[in-house]
Amino acid sequence: MILIRGLYKSFENEGKEMEVLKDVNLVIEDGDIFGIIGPSGAGKSTLIRCLNLLEKPNKGEIIVDGVNITSLNGKKLRDLRKNMGMIFQHFNLLQNSTVYKNIAFPLEISGYSKDFIDKRVMELLELVDLKDKKDAYPSMLSGGQKQRVAIARALALNPKYILSDEATSALDPLTTRSILGLLKSLNKKYGLTIILITHEMEVVKEICNKVAFINDGRIIEWGNTYDLLNFPKSAEVKQFIKESSLRIDKEGLLKNVS
Amino acid sequence: MLAESLSLIFSALLETLYMVLFSTLFAIIFGFPMGIVLVLTQKGGLLENLHLNKALNSIINTARSIPFIILIIILFPLSRIIVGTSIGSTAAIVPLSIAASPFVARIIETSLNEVDKRIIEAAVSLGANTPQIVFKVMLKEALPSLISGLTLTIINILGYSAMAGAIGGGGLGDLAIRYGYQRFRTDILIVTVIILILFVEVVQRAGNRWSRRFDKR
Ligand SMILES: Nc1ncnc2c1ncn2[C@@H]1O[C@H](COP(=O)(O)OP(=O)(O)O)[C@@H](O)[C@H]1O
Ligand SMILES: [Mg+2]
(Lines give C-alpha, C1' and ligand atoms only; values in the text may rest on other atoms or scores of the structure.)
(Ligands and ions follow the chains in the order given, each with its own letter.)
Protein backbone atom coordinates (compact mmCIF):
# COMPACT_ATOMS: atom_id res chain seq x y z
CA MET A 1 0.00 0.00 0.00
CA ILE A 2 1.21 3.49 -0.83
CA LEU A 3 0.02 6.49 1.17
CA ILE A 4 0.78 9.92 -0.22
CA ARG A 5 0.24 12.65 2.32
CA GLY A 6 0.56 16.40 1.88
CA LEU A 7 3.05 16.08 -0.97
CA TYR A 8 4.63 19.24 -2.39
CA LYS A 9 7.22 19.56 -5.10
CA SER A 10 8.64 22.66 -6.70
CA PHE A 11 11.31 23.27 -9.30
CA GLU A 12 13.56 26.24 -9.57
CA ASN A 13 13.46 27.77 -13.03
CA GLU A 14 15.87 30.66 -13.55
CA GLY A 15 15.76 31.60 -9.91
CA LYS A 16 11.98 31.41 -9.78
CA GLU A 17 10.32 28.81 -7.61
CA MET A 18 7.59 26.95 -9.51
CA GLU A 19 5.23 24.76 -7.51
CA VAL A 20 4.43 21.66 -9.56
CA LEU A 21 2.72 19.48 -6.92
CA LYS A 22 0.46 21.08 -4.33
CA ASP A 23 -0.76 19.11 -1.35
CA VAL A 24 -1.24 15.76 -3.09
CA ASN A 25 -3.00 13.11 -0.99
CA LEU A 26 -3.72 9.62 -2.34
CA VAL A 27 -4.12 6.04 -1.15
CA ILE A 28 -3.01 3.28 -3.52
CA GLU A 29 -4.03 -0.16 -2.34
CA ASP A 30 -2.38 -3.48 -3.13
CA GLY A 31 -3.69 -4.92 -6.39
CA ASP A 32 -4.93 -1.57 -7.69
CA ILE A 33 -4.45 -0.42 -11.22
CA PHE A 34 -4.37 3.21 -10.28
CA GLY A 35 -4.65 5.73 -13.10
CA ILE A 36 -3.47 9.30 -12.77
CA ILE A 37 -4.89 11.40 -15.56
CA GLY A 38 -4.64 15.05 -16.45
CA PRO A 39 -3.58 17.47 -19.14
CA SER A 40 0.00 17.91 -20.25
CA GLY A 41 2.06 19.85 -17.71
CA ALA A 42 -0.30 18.99 -14.84
CA GLY A 43 2.50 17.36 -12.84
CA LYS A 44 1.73 13.67 -13.55
CA SER A 45 5.28 12.65 -14.36
CA THR A 46 6.62 14.59 -11.42
CA LEU A 47 4.18 12.80 -9.11
CA ILE A 48 5.01 9.29 -10.30
CA ARG A 49 8.76 10.10 -10.24
CA CYS A 50 8.41 11.05 -6.58
CA LEU A 51 7.28 7.48 -5.82
CA ASN A 52 10.71 6.04 -6.59
CA LEU A 53 12.49 9.25 -5.65
CA LEU A 54 13.70 10.13 -9.14
CA GLU A 55 12.40 13.47 -7.89
CA LYS A 56 12.78 14.38 -4.25
CA PRO A 57 9.62 15.97 -2.83
CA ASN A 58 9.98 19.23 -0.91
CA LYS A 59 7.38 18.39 1.69
CA GLY A 60 5.02 15.60 2.66
CA GLU A 61 5.18 11.86 3.11
CA ILE A 62 5.15 8.86 0.81
CA ILE A 63 4.61 5.74 2.88
CA VAL A 64 5.26 2.50 1.01
CA ASP A 65 4.24 -0.59 2.98
CA GLY A 66 4.64 1.26 6.25
CA VAL A 67 7.96 2.99 5.49
CA ASN A 68 8.28 6.69 4.76
CA ILE A 69 10.53 6.62 1.73
CA THR A 70 11.15 10.35 1.25
CA SER A 71 14.39 10.29 3.22
CA LEU A 72 15.79 6.99 1.94
CA ASN A 73 19.21 6.93 0.30
CA GLY A 74 22.00 4.54 -0.68
CA LYS A 75 21.26 0.83 -0.58
CA LYS A 76 17.80 1.26 0.97
CA LEU A 77 16.75 3.58 -1.86
CA ARG A 78 18.08 1.18 -4.49
CA ASP A 79 16.19 -1.67 -2.84
CA LEU A 80 13.00 0.41 -2.93
CA ARG A 81 13.56 1.04 -6.63
CA LYS A 82 14.08 -2.66 -7.25
CA ASN A 83 10.64 -3.21 -5.75
CA MET A 84 9.12 -0.67 -8.21
CA GLY A 85 9.66 -1.47 -11.86
CA MET A 86 9.26 1.57 -14.06
CA ILE A 87 8.26 1.80 -17.72
CA PHE A 88 8.39 4.89 -19.92
CA GLN A 89 6.85 6.50 -22.96
CA HIS A 90 10.05 6.16 -24.97
CA PHE A 91 10.95 2.71 -23.58
CA ASN A 92 14.49 3.80 -22.64
CA LEU A 93 16.13 0.49 -23.48
CA LEU A 94 19.90 0.06 -23.69
CA GLN A 95 20.47 0.61 -27.41
CA ASN A 96 23.72 -1.31 -27.64
CA SER A 97 22.45 -4.33 -25.72
CA THR A 98 20.32 -7.19 -27.00
CA VAL A 99 16.81 -7.89 -25.77
CA TYR A 100 18.27 -10.63 -23.58
CA LYS A 101 20.88 -8.29 -22.07
CA ASN A 102 18.31 -5.58 -21.46
CA ILE A 103 16.12 -7.92 -19.46
CA ALA A 104 19.16 -9.37 -17.69
CA PHE A 105 20.36 -5.90 -16.64
CA PRO A 106 18.45 -5.55 -13.34
CA LEU A 107 19.40 -9.13 -12.43
CA GLU A 108 23.07 -8.56 -13.23
CA ILE A 109 23.30 -5.42 -11.13
CA SER A 110 21.70 -7.33 -8.27
CA GLY A 111 24.42 -9.97 -8.39
CA TYR A 112 22.44 -13.06 -9.38
CA SER A 113 24.27 -16.07 -10.82
CA LYS A 114 24.50 -16.60 -14.56
CA ASP A 115 22.31 -19.71 -14.39
CA PHE A 116 19.61 -17.97 -12.40
CA ILE A 117 19.67 -14.98 -14.74
CA ASP A 118 19.38 -17.21 -17.78
CA LYS A 119 16.42 -19.06 -16.34
CA ARG A 120 14.66 -15.88 -15.28
CA VAL A 121 15.23 -14.06 -18.59
CA MET A 122 13.85 -17.01 -20.55
CA GLU A 123 10.80 -17.03 -18.28
CA LEU A 124 10.25 -13.33 -18.87
CA LEU A 125 10.75 -13.63 -22.63
CA GLU A 126 8.06 -16.28 -22.61
CA LEU A 127 5.79 -14.08 -20.51
CA VAL A 128 6.00 -11.13 -22.93
CA ASP A 129 6.02 -13.42 -25.95
CA LEU A 130 9.37 -12.36 -27.37
CA LYS A 131 11.38 -15.58 -27.29
CA ASP A 132 12.31 -15.29 -30.95
CA LYS A 133 13.68 -11.76 -30.43
CA LYS A 134 16.15 -12.76 -27.71
CA ASP A 135 19.24 -11.72 -29.67
CA ALA A 136 17.74 -8.73 -31.47
CA TYR A 137 18.77 -5.16 -30.68
CA PRO A 138 16.08 -2.61 -29.74
CA SER A 139 16.46 -0.72 -33.02
CA MET A 140 15.22 -3.84 -34.82
CA LEU A 141 11.95 -3.96 -32.85
CA SER A 142 8.56 -2.29 -33.24
CA GLY A 143 7.30 0.11 -30.57
CA GLY A 144 5.06 -2.51 -29.03
CA GLN A 145 7.88 -5.04 -28.91
CA LYS A 146 10.20 -2.48 -27.31
CA GLN A 147 7.62 -1.77 -24.63
CA ARG A 148 7.24 -5.48 -23.94
CA VAL A 149 11.01 -5.74 -23.46
CA ALA A 150 10.80 -2.78 -21.09
CA ILE A 151 7.99 -4.49 -19.18
CA ALA A 152 10.00 -7.70 -18.92
CA ARG A 153 12.97 -5.67 -17.67
CA ALA A 154 10.79 -3.91 -15.11
CA LEU A 155 9.44 -7.26 -13.90
CA ALA A 156 12.81 -9.02 -13.71
CA LEU A 157 13.30 -8.53 -9.98
CA ASN A 158 9.71 -9.48 -9.13
CA PRO A 159 8.68 -6.02 -7.96
CA LYS A 160 5.48 -5.46 -6.08
CA TYR A 161 4.76 -2.23 -7.94
CA ILE A 162 4.92 -1.10 -11.54
CA LEU A 163 5.16 2.61 -12.34
CA SER A 164 4.09 3.45 -15.85
CA ASP A 165 4.72 6.94 -17.21
CA GLU A 166 2.69 7.28 -20.43
CA ALA A 167 3.80 3.79 -21.47
CA THR A 168 1.32 3.62 -24.33
CA SER A 169 1.42 7.22 -25.51
CA ALA A 170 3.89 6.52 -28.32
CA LEU A 171 1.97 3.48 -29.56
CA ASP A 172 -0.88 3.05 -32.04
CA PRO A 173 -4.35 2.12 -30.69
CA LEU A 174 -4.04 -1.59 -31.44
CA THR A 175 -0.61 -1.92 -29.81
CA THR A 176 -1.83 0.20 -26.90
CA ARG A 177 -4.59 -2.31 -26.39
CA SER A 178 -2.21 -5.26 -26.37
CA ILE A 179 0.17 -3.57 -23.91
CA LEU A 180 -2.73 -2.66 -21.63
CA GLY A 181 -3.94 -6.25 -21.89
CA LEU A 182 -0.51 -7.47 -20.82
CA LEU A 183 -0.44 -5.10 -17.83
CA LYS A 184 -3.90 -6.20 -16.81
CA SER A 185 -2.99 -9.87 -16.99
CA LEU A 186 0.10 -9.24 -14.86
CA ASN A 187 -2.10 -7.51 -12.32
CA LYS A 188 -4.50 -10.48 -12.28
CA LYS A 189 -1.86 -13.22 -12.34
CA TYR A 190 0.66 -11.82 -9.88
CA GLY A 191 -1.40 -9.29 -7.95
CA LEU A 192 0.94 -6.61 -9.26
CA THR A 193 0.01 -3.08 -8.18
CA ILE A 194 0.21 -0.72 -11.13
CA ILE A 195 0.38 3.06 -10.96
CA LEU A 196 -0.21 4.44 -14.39
CA ILE A 197 0.11 7.95 -15.75
CA THR A 198 -1.79 8.90 -18.85
CA HIS A 199 -3.46 11.77 -20.61
CA GLU A 200 -5.85 9.45 -22.43
CA MET A 201 -9.26 8.63 -20.98
CA GLU A 202 -9.38 5.45 -23.08
CA VAL A 203 -6.50 3.98 -21.10
CA VAL A 204 -8.24 4.68 -17.79
CA LYS A 205 -11.50 3.19 -19.01
CA GLU A 206 -9.73 0.12 -20.30
CA ILE A 207 -7.82 -1.02 -17.24
CA CYS A 208 -7.91 1.25 -14.18
CA ASN A 209 -10.02 0.30 -11.17
CA LYS A 210 -9.17 3.64 -9.56
CA VAL A 211 -8.39 7.00 -11.03
CA ALA A 212 -7.17 10.41 -9.86
CA PHE A 213 -7.64 13.61 -11.85
CA ILE A 214 -4.77 16.03 -11.59
CA ASN A 215 -4.66 19.55 -12.89
CA ASP A 216 -2.10 22.25 -12.22
CA GLY A 217 -0.42 20.16 -9.54
CA ARG A 218 -3.57 19.45 -7.53
CA ILE A 219 -5.64 16.30 -7.28
CA ILE A 220 -9.13 17.45 -8.23
CA GLU A 221 -10.96 14.20 -7.49
CA TRP A 222 -10.07 10.56 -7.08
CA GLY A 223 -11.84 7.28 -6.44
CA ASN A 224 -13.33 4.25 -8.20
CA THR A 225 -13.16 4.65 -11.95
CA TYR A 226 -16.81 3.74 -12.43
CA ASP A 227 -18.11 6.21 -9.85
CA LEU A 228 -15.84 8.98 -10.97
CA LEU A 229 -16.55 8.74 -14.66
CA ASN A 230 -20.29 8.41 -14.17
CA PHE A 231 -20.80 10.78 -11.26
CA PRO A 232 -18.06 13.40 -11.31
CA LYS A 233 -18.53 16.11 -8.70
CA SER A 234 -16.32 18.93 -9.89
CA ALA A 235 -16.91 21.03 -12.97
CA GLU A 236 -13.30 20.48 -14.04
CA VAL A 237 -13.57 16.71 -14.14
CA LYS A 238 -16.97 16.92 -15.87
CA GLN A 239 -15.42 19.11 -18.52
CA PHE A 240 -12.44 16.78 -18.92
CA ILE A 241 -14.67 13.74 -19.34
CA LYS A 242 -16.85 15.54 -21.84
CA GLU A 243 -13.89 16.69 -23.90
CA SER A 244 -12.23 13.32 -23.96
CA SER A 245 -15.43 11.47 -24.85
CA LEU A 246 -15.88 13.89 -27.70
CA ARG A 247 -12.36 13.09 -28.76
CA ILE A 248 -12.95 9.37 -28.46
CA ASP A 249 -16.18 9.57 -30.49
CA LYS A 250 -14.42 11.48 -33.17
CA GLU A 251 -11.63 8.90 -33.36
CA GLY A 252 -14.18 6.09 -33.39
CA LEU A 253 -16.04 7.82 -36.19
CA LEU A 254 -12.89 8.19 -38.21
CA LYS A 255 -12.06 4.55 -37.62
CA ASN A 256 -15.49 3.49 -38.87
CA VAL A 257 -15.15 5.56 -41.98
CA SER A 258 -11.73 4.29 -43.00
CA MET B 1 72.87 2.87 -49.31
CA LEU B 2 69.35 1.60 -49.80
CA ALA B 3 69.69 -0.94 -47.02
CA GLU B 4 71.00 1.79 -44.76
CA SER B 5 68.08 4.09 -45.57
CA LEU B 6 65.60 1.30 -44.99
CA SER B 7 67.04 0.46 -41.63
CA LEU B 8 66.97 4.15 -40.66
CA ILE B 9 63.33 4.40 -41.64
CA PHE B 10 62.45 1.13 -39.98
CA SER B 11 63.96 2.04 -36.64
CA ALA B 12 62.34 5.49 -36.82
CA LEU B 13 59.01 3.83 -37.47
CA LEU B 14 59.49 1.59 -34.44
CA GLU B 15 60.29 4.62 -32.30
CA THR B 16 57.18 6.36 -33.50
CA LEU B 17 55.00 3.33 -32.81
CA TYR B 18 56.58 3.04 -29.39
CA MET B 19 55.86 6.69 -28.56
CA VAL B 20 52.32 6.60 -29.88
CA LEU B 21 51.43 3.33 -28.20
CA PHE B 22 52.65 4.24 -24.74
CA SER B 23 51.52 7.86 -24.89
CA THR B 24 48.03 6.71 -25.88
CA LEU B 25 48.05 4.18 -23.08
CA PHE B 26 49.09 6.72 -20.44
CA ALA B 27 46.76 9.36 -21.84
CA ILE B 28 43.87 6.92 -21.40
CA ILE B 29 45.00 5.94 -17.91
CA PHE B 30 45.01 9.61 -16.82
CA GLY B 31 42.32 11.02 -19.09
CA PHE B 32 39.70 8.33 -18.59
CA PRO B 33 39.10 8.91 -14.87
CA MET B 34 39.19 12.68 -15.43
CA GLY B 35 36.50 12.37 -18.10
CA ILE B 36 34.31 10.24 -15.83
CA VAL B 37 34.72 12.69 -12.95
CA LEU B 38 33.82 15.59 -15.27
CA VAL B 39 30.57 13.89 -16.26
CA LEU B 40 29.58 12.73 -12.79
CA THR B 41 30.26 16.05 -11.08
CA GLN B 42 28.69 18.36 -13.67
CA LYS B 43 25.37 20.09 -13.07
CA GLY B 44 22.67 17.44 -12.96
CA GLY B 45 25.33 14.69 -12.85
CA LEU B 46 24.96 11.62 -10.69
CA LEU B 47 27.48 12.96 -8.16
CA GLU B 48 27.00 16.68 -8.79
CA ASN B 49 29.88 18.67 -7.29
CA LEU B 50 30.30 22.00 -9.01
CA HIS B 51 33.47 23.03 -7.15
CA LEU B 52 35.35 19.89 -8.13
CA ASN B 53 33.96 20.15 -11.65
CA LYS B 54 35.08 23.73 -12.04
CA ALA B 55 38.56 22.99 -10.70
CA LEU B 56 39.03 20.06 -13.03
CA ASN B 57 37.75 22.09 -15.97
CA SER B 58 40.26 24.83 -15.26
CA ILE B 59 43.14 22.38 -15.07
CA ILE B 60 42.13 20.78 -18.35
CA ASN B 61 41.64 24.08 -20.15
CA THR B 62 44.98 25.39 -18.93
CA ALA B 63 46.81 22.25 -20.02
CA ARG B 64 45.14 22.36 -23.41
CA SER B 65 45.94 25.99 -24.02
CA ILE B 66 49.71 25.54 -23.71
CA PRO B 67 51.27 25.02 -27.17
CA PHE B 68 52.75 21.54 -27.33
CA ILE B 69 56.25 22.67 -28.22
CA ILE B 70 56.29 24.84 -25.08
CA LEU B 71 54.87 22.03 -23.00
CA ILE B 72 57.77 19.80 -24.03
CA ILE B 73 60.27 22.39 -22.90
CA ILE B 74 58.46 23.03 -19.63
CA LEU B 75 58.40 19.29 -19.00
CA PHE B 76 62.08 18.65 -19.69
CA PRO B 77 62.84 18.50 -15.95
CA LEU B 78 59.86 16.22 -15.30
CA SER B 79 60.99 13.85 -18.06
CA ARG B 80 64.43 13.79 -16.49
CA ILE B 81 62.95 12.88 -13.11
CA ILE B 82 60.62 10.19 -14.44
CA VAL B 83 62.72 8.48 -17.12
CA GLY B 84 66.20 9.77 -16.26
CA THR B 85 66.70 11.76 -19.46
CA SER B 86 65.01 14.52 -21.41
CA ILE B 87 65.92 13.26 -24.88
CA GLY B 88 64.91 10.18 -26.80
CA SER B 89 61.59 8.47 -27.45
CA THR B 90 61.04 7.37 -23.87
CA ALA B 91 61.50 10.93 -22.63
CA ALA B 92 59.04 12.17 -25.26
CA ILE B 93 56.34 9.92 -23.86
CA VAL B 94 56.11 12.14 -20.76
CA PRO B 95 55.01 15.38 -22.49
CA LEU B 96 53.00 13.43 -25.07
CA SER B 97 50.99 11.66 -22.35
CA ILE B 98 50.47 14.85 -20.42
CA ALA B 99 49.37 16.78 -23.50
CA ALA B 100 46.97 14.05 -24.59
CA SER B 101 45.38 13.31 -21.19
CA PRO B 102 43.15 16.40 -21.08
CA PHE B 103 42.24 15.74 -24.68
CA VAL B 104 41.16 12.22 -23.77
CA ALA B 105 39.24 13.59 -20.79
CA ARG B 106 37.25 15.87 -23.12
CA ILE B 107 36.64 13.03 -25.58
CA ILE B 108 35.29 10.82 -22.78
CA GLU B 109 33.21 13.68 -21.43
CA THR B 110 31.66 14.48 -24.81
CA SER B 111 30.95 10.84 -25.62
CA LEU B 112 29.34 10.08 -22.27
CA ASN B 113 27.22 13.22 -22.45
CA GLU B 114 25.81 12.04 -25.75
CA VAL B 115 24.19 9.08 -24.00
CA ASP B 116 20.42 9.57 -23.75
CA LYS B 117 19.63 10.86 -20.25
CA ARG B 118 16.43 8.86 -20.24
CA ILE B 119 18.34 5.59 -20.61
CA ILE B 120 20.49 6.51 -17.63
CA GLU B 121 17.39 7.40 -15.68
CA ALA B 122 15.83 4.04 -16.54
CA ALA B 123 18.90 2.35 -15.07
CA VAL B 124 18.58 4.48 -11.92
CA SER B 125 14.93 3.48 -11.67
CA LEU B 126 15.97 -0.17 -11.81
CA GLY B 127 18.16 0.29 -8.74
CA ALA B 128 21.61 0.58 -10.37
CA ASN B 129 24.34 2.30 -8.34
CA THR B 130 26.74 4.86 -9.76
CA PRO B 131 29.61 2.52 -10.76
CA GLN B 132 27.10 0.20 -12.44
CA ILE B 133 25.65 3.12 -14.36
CA VAL B 134 29.09 4.30 -15.47
CA PHE B 135 30.40 0.91 -16.56
CA LYS B 136 27.29 -0.97 -17.64
CA VAL B 137 25.25 1.86 -19.10
CA MET B 138 27.23 4.99 -20.01
CA LEU B 139 30.40 3.37 -21.34
CA LYS B 140 28.50 0.65 -23.13
CA GLU B 141 26.06 3.04 -24.76
CA ALA B 142 28.87 5.43 -25.69
CA LEU B 143 31.22 2.74 -27.02
CA PRO B 144 30.98 3.66 -30.74
CA SER B 145 31.65 7.30 -30.01
CA LEU B 146 34.45 6.39 -27.57
CA ILE B 147 36.15 4.35 -30.28
CA SER B 148 35.90 7.29 -32.71
CA GLY B 149 37.39 9.53 -30.03
CA LEU B 150 40.22 7.11 -29.40
CA THR B 151 40.98 7.04 -33.12
CA LEU B 152 41.21 10.81 -33.09
CA THR B 153 43.47 10.67 -30.04
CA ILE B 154 45.91 8.27 -31.67
CA ILE B 155 46.11 10.39 -34.81
CA ASN B 156 46.67 13.52 -32.76
CA ILE B 157 49.39 11.87 -30.72
CA LEU B 158 51.05 10.78 -33.93
CA GLY B 159 51.16 14.41 -35.07
CA TYR B 160 52.50 15.55 -31.73
CA SER B 161 55.08 12.77 -31.72
CA ALA B 162 56.56 14.19 -34.93
CA MET B 163 56.89 17.51 -33.15
CA ALA B 164 58.46 15.85 -30.13
CA GLY B 165 60.81 14.10 -32.54
CA ALA B 166 61.97 17.41 -33.88
CA ILE B 167 63.48 18.33 -30.55
CA GLY B 168 65.18 15.10 -29.74
CA GLY B 169 62.41 12.54 -29.42
CA GLY B 170 63.42 10.37 -32.34
CA GLY B 171 60.91 8.70 -34.62
CA LEU B 172 59.68 9.54 -38.11
CA GLY B 173 59.33 13.29 -37.52
CA ASP B 174 62.90 13.46 -36.35
CA LEU B 175 64.08 11.45 -39.34
CA ALA B 176 62.20 13.63 -41.81
CA ILE B 177 63.77 16.76 -40.40
CA ARG B 178 67.31 15.52 -39.91
CA TYR B 179 67.69 13.65 -43.20
CA GLY B 180 64.97 14.90 -45.46
CA TYR B 181 65.31 18.57 -44.65
CA GLN B 182 68.75 19.21 -43.22
CA ARG B 183 70.63 16.76 -45.49
CA PHE B 184 68.48 17.17 -48.60
CA ARG B 185 67.51 13.49 -48.67
CA THR B 186 64.23 14.06 -50.46
CA ASP B 187 63.71 10.32 -50.90
CA ILE B 188 63.70 9.77 -47.13
CA LEU B 189 61.42 12.75 -46.63
CA ILE B 190 58.92 11.36 -49.13
CA VAL B 191 58.96 7.84 -47.73
CA THR B 192 58.48 9.18 -44.20
CA VAL B 193 55.52 11.27 -45.23
CA ILE B 194 53.99 8.31 -47.07
CA ILE B 195 54.35 6.14 -43.98
CA LEU B 196 52.66 8.81 -41.85
CA ILE B 197 49.81 9.10 -44.34
CA LEU B 198 49.37 5.32 -44.38
CA PHE B 199 49.47 5.22 -40.59
CA VAL B 200 46.67 7.78 -40.33
CA GLU B 201 44.67 6.02 -43.01
CA VAL B 202 44.93 2.61 -41.35
CA VAL B 203 44.07 3.91 -37.89
CA GLN B 204 41.13 5.93 -39.19
CA ARG B 205 39.70 3.04 -41.19
CA ALA B 206 40.10 0.56 -38.36
CA GLY B 207 38.51 3.07 -35.98
CA ASN B 208 35.54 3.64 -38.26
CA ARG B 209 35.00 -0.06 -38.75
CA TRP B 210 35.13 -0.83 -35.02
CA SER B 211 32.95 2.09 -34.15
CA ARG B 212 30.30 0.91 -36.60
CA ARG B 213 30.52 -2.65 -35.40
CA PHE B 214 29.54 -1.65 -31.88
CA ASP B 215 26.83 0.76 -32.93
CA LYS B 216 23.46 -0.99 -32.74
CA ARG B 217 21.29 2.13 -32.67
N1 LIG C 1 13.29 18.93 -13.85
C2 LIG C 1 12.44 19.96 -13.99
N3 LIG C 1 12.88 21.23 -13.86
C4 LIG C 1 12.05 22.29 -13.99
N5 LIG C 1 10.74 22.17 -14.28
C6 LIG C 1 10.23 20.95 -14.45
C7 LIG C 1 11.05 19.77 -14.31
N8 LIG C 1 10.28 18.69 -14.53
C9 LIG C 1 9.03 19.15 -14.78
N10 LIG C 1 8.99 20.50 -14.71
C11 LIG C 1 7.81 21.33 -14.91
O12 LIG C 1 6.81 20.85 -14.06
C13 LIG C 1 5.54 20.89 -14.68
C14 LIG C 1 4.91 19.52 -14.66
O15 LIG C 1 5.65 18.66 -15.46
P16 LIG C 1 5.32 17.12 -15.60
O17 LIG C 1 5.25 16.50 -14.25
O18 LIG C 1 6.28 16.54 -16.56
O19 LIG C 1 3.87 17.18 -16.25
P20 LIG C 1 3.03 16.07 -17.02
O21 LIG C 1 3.75 14.77 -16.90
O22 LIG C 1 1.70 16.07 -16.35
O23 LIG C 1 2.92 16.54 -18.44
C24 LIG C 1 5.76 21.42 -16.09
O25 LIG C 1 5.46 22.78 -16.09
C26 LIG C 1 7.23 21.20 -16.31
O27 LIG C 1 7.75 22.19 -17.16
MG1 LIG D 1 4.65 13.52 -18.38
Side-chain angles (χ1 to χ4, degrees), chain A residues 45 48-49 51-55 72-99 101-111 135-141 146 149-150 152-157 159 161-166, chain B residues 32 35-36 39-50 107-108 110-151 207-217:
Chain A
S45 295
I48 203 168
R49 290 159 55 83
L51 297 183
N52 60 358
L53 248 49
L54 288 180
E55 301 290 357
L72 290 186
N73 53 34
K75 172 108 172 50
K76 288 214 167 106
L77 175 57
R78 292 195 297 275
D79 285 342
L80 168 86
R81 286 174 174 157
K82 287 175 182 179
N83 199 25
M84 290 193 169
M86 192 166 198
I87 54 177
F88 307 86
Q89 177 172 6
H90 298 291
F91 325 118
N92 305 356
L93 299 173
L94 297 164
Q95 296 294 310
N96 287 332
S97 297
T98 59
V99 166
K101 275 288 185 184
N102 265 285
I103 300 174
F105 179 81
L107 298 156
E108 281 174 1
I109 62 170
S110 301
D135 298 316
Y137 286 90
S139 61
M140 299 150 81
L141 304 178
K146 283 182 203 168
V149 175
R153 178 175 73 170
L155 289 174
L157 295 172
Y161 301 96
I162 288 285
L163 309 177
S164 162
D165 189 353
E166 305 267 11
Chain B
F32 181 84
I36 305 266
V39 171
L40 291 179
T41 57
Q42 73 192 356
K43 193 161 168 39
L46 289 170
L47 302 172
E48 184 176 310
N49 182 335
L50 297 182
I107 296 263
I108 304 268
T110 311
S111 298
L112 297 190
N113 275 333
E114 278 168 20
V115 175
D116 190 340
K117 297 282 169 295
R118 294 175 300 190
I119 295 178
I120 294 170
E121 197 170 83
V124 173
S125 83
L126 290 163
N129 61 26
T130 305
Q132 287 167 337
I133 288 169
V134 170
F135 289 101
K136 287 180 163 261
V137 179
M138 289 181 168
L139 290 174
K140 202 162 174 206
E141 287 294 294
L143 196 55
S145 135
L146 287 170
I147 293 171
S148 299
L150 183 65
T151 309
N208 290 349
R209 172 148 345 135
W210 275 74
S211 173
R212 266 200 307 270
R213 174 170 307 169
F214 287 107
D215 196 352
K216 307 293 185 186
R217 284 170 292 180

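Because the structure is a prediction, the values reported are computed rather than measured. By convention in this document, chain letters (A, B, ...) are assigned in the order of the sequence lines, proteins followed by strands, and residues within each chain are numbered from 1.
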What part of A:L94 gets closer than 4.5 Å to chain B, counting heavy atoms only: side chain, backbone, both or neither? both
Looking at chain B, which one of A:N52, A:L54, A:N83 has the largest number of heavy-atom pairs inside 4.5 Å, strictly under? A:L54
Separation of A:I87 CD1 from B:S125 OG (nearest 0.5 Å): 10.5 Å
What is the distance from atom CD of A:Q89 to atom CZ of B:R118, rounded to the nearest 0.5 Å? 8.5 Å
Contact part of A:L163 toward chain B, heavy-atom cut-off under 4.5 Å: side chain, backbone, both or neither? neither
Which pair of heavy atoms, one from A:N96 and one from B:F214, lies closest together, and at what distance? OD1-O, 3.4 Å
Answer yes or no: is there a side-chain heavy-atom contact under 4.5 Å between A:R78 and B:N129? yes
Keeping the roles fixed (side chain from A:Q95, backbone from B:K216), state whether a donor-acceptor pair exists under 3.5 Å. no
Closest approach of A:K82 to B:L126 (non-hydrogen atoms, all atoms of both residues): CG-O, 3.5 Å
Looking at B:K117, I'd like to know if its NZ atom is crowded, meaning that more than 12 non-hydrogen atoms belonging to other residues, nucleotides or ligands lie closer than 6.0 Å. yes
So for A:M140, is it side chain, backbone, both, or neither that comes closer than 4.5 Å to the heavy atoms of chain B? neither
At what distance, to the nearest 0.5 angstrom, does CD of B:Q132 lie from CD of A:E108? 10.0 Å
Is any side-chain heavy atom of B:I119 closer than 4.5 Å to one of A:L93? no
Is A:R49 in contact with chain B via its backbone, its side chain, both, or neither, using a 4.5 Å heavy-atom distance? side chain
